[in-house]
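A short write-up of the structure that comes next.
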Amino acid sequence: MKKTFLLCASLMALSASAYAQAPATEKATEKVFNAETFTLANGLQVVVVPNHRAPVVTHMLWYKVGSADEPQGDGISGEAHFLEHMMFKGTKAIGPGKFSRLVRSMGGNDNAFTSWDYTAYYQSIAKERLPIVMAMEADRMINIAPPEKEIAPEHQVVIEERRQRTDNDPKALFSEQIRSILYNTSPYGIPIIGWKEEMPKITWDLAKNYHDKWYAPNNAILIVSGDVTLDEMKTYAEKYYGFLPKKEIGNHTRPDVPKPAAPVTLEFHDKAVQQPVFMRAALAPSFVQNKADSYALQVLQNVISGGASTRLYQSLVVKQKVAVDIDMNYDDSNRGQGSIWIYGTPAEGISLKKLETAIDTEFRAMIKNGIPDEDVAKAKERLIDGALYARDSVTGPAMTIGQVLASGGTLDDVEYWPARISEVTPQEVTRVLQKYLDPDQPEYQPVTGYMLPPVTKKDVKP
Amino acid sequence: MKKILLALTILVFSNPAQATILDIKEVTSKSGIKAWLVEDHTIPVISVKYLFSGSGAINDAPEKQGLARILSNTLDEGAGEYTSEQFQSILDNKSISLSFSTGRDDFGGSLKTLSKNKDQAFLLLNLALTKPRFDQEAVNRMIAANLTRIRSDMTDPDWMVARLLNSVVYKGHPYEMNSGGTLSSLPKITPDDLRSKVKNSLTRDRLIISVAGDISEAELALLLDKVFGTLPAKAETKNIGAVKFADAPSTVLLKQPIPQTIIQASLPGIRMDDPDYFAADIMNFILGSSGFGSRLTEVIREQNGLTYGIYTSMDMMDHAALFTLSTSTENNSAAKVIDLTRKEFERIKAEDVSAEEIKDAQSYLIGSTPLSLTSTDQIAGMMLAFQRYNLPKNYLDVRETALRKVTAQDIKRVAQRLLDLQKLTIVLVGDPKGVTPTETVTDLPNVK
């Protein structure tokens, strides 16, 4: 865990906190969490992750729907996330704001988050309280009915949330634009929270329509992690969620982006910027789109950016000294296309152009020489060891499992992830490197961003 | 549906009995080094957290602000025979997390390892603490990374407001320094500075250790001597006085062309050994620390839609305690948010809080404790805090008893004592409308 000084741009869900690294286990054939699953007659999938270290549980309800499922082309964005806020604003039984108060009064924490593909609501609480929060969560799935006077203030709250997260922060604004160009014809290009200009047009009716269309037991996953057994959960799930009616659920449209003819480079000058930053984003398949390539890309990511001893940091920061920080992330958790992001901070006196050239040269060298077997073996071991740490948490496993299942993966994908990782060969790793990250491949058309101080400062030019 | 839920809400929750969650043992090594341990063999993970009390950034010379920070970044950059790359390779390949960090008061570190790699992990920790290399290349690299971090933070309004608050509240006290260093101080730091800091402040007399996870008492006793046994015995001490807070209110603005104003406000706070500490804890919860459900969130977010978040918090350091408010709002609403906040401060001083508010606060503050004890890291971290502040091993029980005794009168008394608006310092970053600052700054102190 080392020296990521900069820019952990949140590619994930709004308000989602640190995600456990995708899981793994010591012997690669063992299951990671030993979770169990069953499905109610109304289609609700239930997952139980027993963990008896402390008398607490995390109860999470994941809806397999997110901002990418909002109606497209209507000039309005952000209603999925607005709905998430309004879910705290009252049913007939539990008044506005009462939900969280009740949870607090029982010694629990609660919150929710929205992403492009999923929306999740959760409570962490003493195990004795589990039935109560289950009843409350089931209630708001079908009974959400905020009083009129709650709507306008909460609308302002989400607009303030955008100001705080994005509008006040040039890095966030620039990342948002890079993403919108990368995913130009896909709903993944639209910020979850909504465009600044489009958020004022959100209405409760729009949010409610979205709710009525998508919030249903057969479009949800219930995950309970902690001090609970499968038998208890069978009883509770049937009792509190079993009566909820099924709905007809539509398709999730996630068009692949047409292949661009040319790469795009953006140059962003802002007077708030003191430190130039290099960003690059490229499309790659998500896990559910292409599991084989995704496993190999996960290993590749770890080989080249899995710590201070790995390739990019050692070459660009330690040896060549063209960067002070460099990172590559692979976001594979989408239902549709995933992406690979590179962030670099140039060393003093190094232009972004020079850093870019050094990065390209590094990738060319890796492609030419192939990824060494030894590097692949080490990366696999690191990833698989990570599973043992992943179990050292109550909420972490629920997050990991929810994310995979909500984007179309299976529980076996999570449980046997270490076995799949252990099967990845060096040839596979080199193959995906060539396929998705080769600067000389005509298919590779990334979006590159230079973030810089105002042009008048002659000393820092791209 | 409605019926079931109404019945449930009427059950009004009595708290489940709080079993002793933390079974803490004190382990003493042959040479007398002590550690607190919670043994747990269900997961093959060991977490060690330790600190050197009073060895933090407060000791940095003003012209070398950031020394403790650079030390925390360079101790793992090679030690003994291992170069930086070799050292980092072992950490990466054995999935060992070894890191150091500094606060204003303390210098600390943490080690997390799978039990199968524990020998290697403890050896590396020993090497880092006793034979760090501080190769010039690595020191330069870490200084460069920190300079970058500062330049990048300079565009982050949350960072700016925190920095501004420190320099205003702690004016004239060593706490006003920037523990992350400044653009001009960091390049002055040399390997010799780092060596002398290790020798003079990472010492056994200041050491506090907590361990949780897959390790036995006997094994830990041996490892304590191996890892920490050869550290120097005593630290150089330095006399530092208590912070003197201003006794007049002030409002300090750093103007920035951003759409939202970030606001922090602070008052002198309360120490944990104060008889009114638990009353203050409950008052803080009701007023602002609980987020959802707090009075400030209710009025400023829920009713008026003026912010995404408003919180209060209580912090205690060796030479000061603070009560702090943080929020942000559109520039046009800054004056209104400040005004509504003042009104809530006055209300909790003037009127008794309700019995329900007290009960909810007690239920949360007591009942939520186990939620922060679900990983080996968290368990080790909580024990470390107990030791740092001389709290007993059964502190959770002591705290529960004390929280349950708090009355509405206690809360009103402590509110009147703490929320003295004549001492309120407000700092703002943004372009707020309708606020008249007592001082406007154009540059953040202790950054360049």
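Below, read A as the first sequence line, B as the second, and so on, with proteins coming before strands; counting in each chain starts at 1.
- With salt bridges taken as basic N to acidic carboxylate O contacts below 4.0 Å, none links A:Glu160 and B:Arg301.
- Salt-bridge formation is not detected for the pair B:Glu356/A:Arg101: no Lys NZ or Arg NE/NH1/NH2 atom is positioned less than 4.0 Å from an Asp or Glu carboxylate oxygen.
- Taking 4.0 Å as the cut-off between side-chain N and carboxylate O, A:Arg104 and B:Asp360 do not count as a salt-bridged pair.
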Full working for salt bridge (Lys or Arg N to Asp or Glu O under 4.0 Å) between A:Arg53 and B:Asp40:
CA-CA 9 Å; A:Arg53 295 174 90 195; B:Asp40 178 353; 2.8 Å; yes

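- Looking only at heavy-atom pairs under 4.5 Å with chain A, the residue among B:Ile262, B:Leu365, B:Thr155 that has the most is B:Thr155.
- Between B:Glu85 and A:Lys319 there is a salt bridge, since at least one side-chain N of the basic residue sits less than 4.0 Å from a carboxylate O of the acidic one.
- By number of non-hydrogen pairs under 4.5 angstrom with chain A, the leading residue of B:Asp156, B:Asn304, B:Asn117, B:Thr307 is B:Thr307.
- With sequence neighbours excluded, the residues forming a side chain to side chain contact (heavy atoms under 4.5 Å, CB included) with B:Ala138 are B:Glu77, B:Arg141, listed by chain and number.
- At a threshold of 4.0 Å, the pair B:Arg149-A:Asp325 does not count as salt-bridged, since none of the basic side-chain nitrogens sits closer than that to a carboxylate oxygen.
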For a side-chain hydrogen bond (donor to acceptor under 3.5 Å, both in side chains) check, start with the C-alpha distance between B:Arg151 and A:Gln275, then their side-chain angles and the critical distance, and finish with the verdict.
CA-CA 5 Å; B:Arg151 284 192 290 261; A:Gln275 175 60 54; 3.0 Å; yes

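- A side-chain donor-acceptor contact under 3.5 Å links B:Thr376 and A:Asp392.
- Under the salt bridge (charged side-chain N to carboxylate O under 4.0 Å, His left out) criterion, A:Lys196 pairs with no residue, sequence neighbours left out.
- Between B:Tyr364 and A:Ser105 the shortest side-chain heavy-atom distance does not fall below 4.5 Å.
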